2 protein chains.
Amino acid sequence: MLELAILGFLYGAPLHGYVLRRHIAALTGHVRPVAESTLYPAIKRLEKAGLLVRATEPGAVAAPRHVLRLTEDGGRELKRRLAEPAQREITDENHWFTLLAFLRHLEDPAAQAAVLRRRLAFLEEPASFFYDGDRPLRAEELDDPFRRGVLTIARATSRAELAWLRDTLASLDRAGR
Amino acid sequence: MLELAILGFLYGAPLHGYVLRRHIAALTGHVRPVAESTLYPAIKRLEKAGLLVRATEPGAVAAPRHVLRLTEDGGRELKRRLAEPAQREITDENHWFTLLAFLRHLEDPAAQAAVLRRRLAFLEEPASFFYDGDRPLRAEELDDPFRRGVLTIARATSRAELAWLRDTLASLDRAGR
DNA sequence: AGACAATACCTCGGTGACGATGTATGCCGT
DNA sequence: ACGGCATACATCGTCACCGAGGTATTGTCT
């Protein structure tokens, strides 16, 4: 998820670590903050894998900056991760939102639509958080107000997302024709 | 999050690992599956910390089971984690839903309301995923349909949750009087 | 002049999570 | 008789992530 965000932000726009950090904080920081001690090692991993290169520039205000630029491999890897996300990226909202934030970089409407369809299939599966044996329970069947809240909120999210998915898929299909 | 789920499921209902695993899979598995190799070490950690005890029973169908039972410390720790959640438990929906699933165990309506109010405060902060400088961007201002989707879905979730929070807080306040 | 915040990057130790793999039993279908 | 599946638990190596702490520079407030 973090690596995807790094690749996504660097795609077509070289940045140095500090600015990248603020971009990532804006994207997911209110929900799931990313520590500096996570970001810098992640950058090094990507550099070691040949997905980005660093160029030292004198700092505009303070210490020297390491300007990060995606390599061609890095661009390809971003598109691969966007086009063929792991199942976790589809099911976990945090991961999914990060993917959506950069899905435009995939360019091909058919490939974008294929990813949205995977999310659609996931949302259309009957699933709950609470069960009576194998039967998923509905919000109305629960006495517990907190568990009822979980289902109520999840249902609202699901409805909004399904509507958006169907709209967006329709317009991507039009674009693909 | 996993430890909270273990403590929550065991509260008042001893279970063995295999059943616990299925409970956890039902609760969060469709979004974020938990590997066996994560659950068993987590159980051991909690046992080592004195929060639960294991009793070996002959297996009903197969290998012997380890029936897990919360200790008094375990019950106290569950309530402590429910009453004083880390900020991550409040902001990250995955964590928050897990907390909500067990918040009824807190019993005291005032304590439950205090936790809900922390979530309410978080949701009422103006926040976005995308910014123009420091200004949060609204869905309508975005050209990117995928980023627009993120904001549309987040807004729907937020609205549903705010409505539910206010309702539930009102009835908790009535119960507290 | 000195304190402090912001910029900018880095290392280290600990730990939680994962995939792969192993062990063993009992039931069911063929 | 035997394979496959569900039950039931466990270990191992690897790695991402975190908090704490460190280094250095520039600008701002007092």
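Letters go in sequence order (proteins before strands), and every chain restarts at 1. Remember, it's a predicted structure, so these values are computed and weren't measured experimentally. Side-chain atoms are counted along with the backbone in the values below, which use heavy atoms only and exclude waters and symmetry mates.
B:Arg155 CZ: more than 12 foreign heavy atoms inside a 6.0 Å radius. More than 12 heavy atoms of other shown residues, nucleotides or ligands fall within 6.0 angstrom of atom CD in B:Glu140. Counting heavy atoms of neighbouring residues, nucleotides and ligands inside a 6.0 Å radius, atom CZ of A:Arg69 does not exceed 12 of them.
Within the 4.0 angstrom heavy-atom criterion, no nucleotide atom of any strand lies near A:Arg22.
Distance A:Ile43 CD1 to C:dA8 C1': 11 Å, rounded to the nearest Å. Here C:dT7 presents its C1' atom at 16 Å from NE2 of A:His23, a figure rounded to the nearest Å. Look at CE on B:Met1: it is 17 Å from C1' on D:dC18, rounded to the nearest Å. Between the CG atom of A:Asn94 and the C1' atom of C:dA17 there is a distance of 16 Å, rounded to whole Å.
Aromatic ring centres of B:Phe9 and B:Phe102: separated by under 6.0 Å.
Bending across the helix from C:dA1-D:dT30 to C:dT30-D:dA1, expressed as the angle between its end axes from five pairs apiece, amounts to 20° (10° rounding).
Look at B:Arg21 and you won't find any side-chain N or O under 4.0 angstrom from OP1 or OP2 of D:dA6. Considering only side-chain N and O atoms, B:Arg45 lies under 4.0 angstrom from the phosphate OP1 or OP2 of C:dG16. Side-chain nitrogen and oxygen atoms of A:Lys44 include none within less than 4.0 Å of the OP1 or OP2 phosphate oxygen of C:dC9.
For residues 63-98 of chain B, the ring pair (Phe, Tyr, Trp, His ring centres under 6.0 Å) pairs, not counting sequence neighbours, are A:Phe129-B:Phe97.
Contacts of residues 6-18 of chain A with DNA chain D (heavy atom under 4.0 Å): none. The stretch residues 74-93 of chain B comes close to DNA chain D through B:Arg88, each having a heavy atom under 4.0 Å from the strand. In the region residues 26-41 of chain B, proximity to DNA chain D at under 4.0 angstrom, judged on heavy atoms, holds for B:Glu36, B:Ser37, B:Tyr40.
Taking a cutoff of 4.0 Å between a charged side-chain nitrogen and a carboxylate oxygen, A:Arg81 and A:Glu89 do not qualify as a salt bridge.
Partners of A:Arg88 by salt bridge (Lys or Arg N to Asp or Glu O under 4.0 Å), not counting sequence neighbours: none found.
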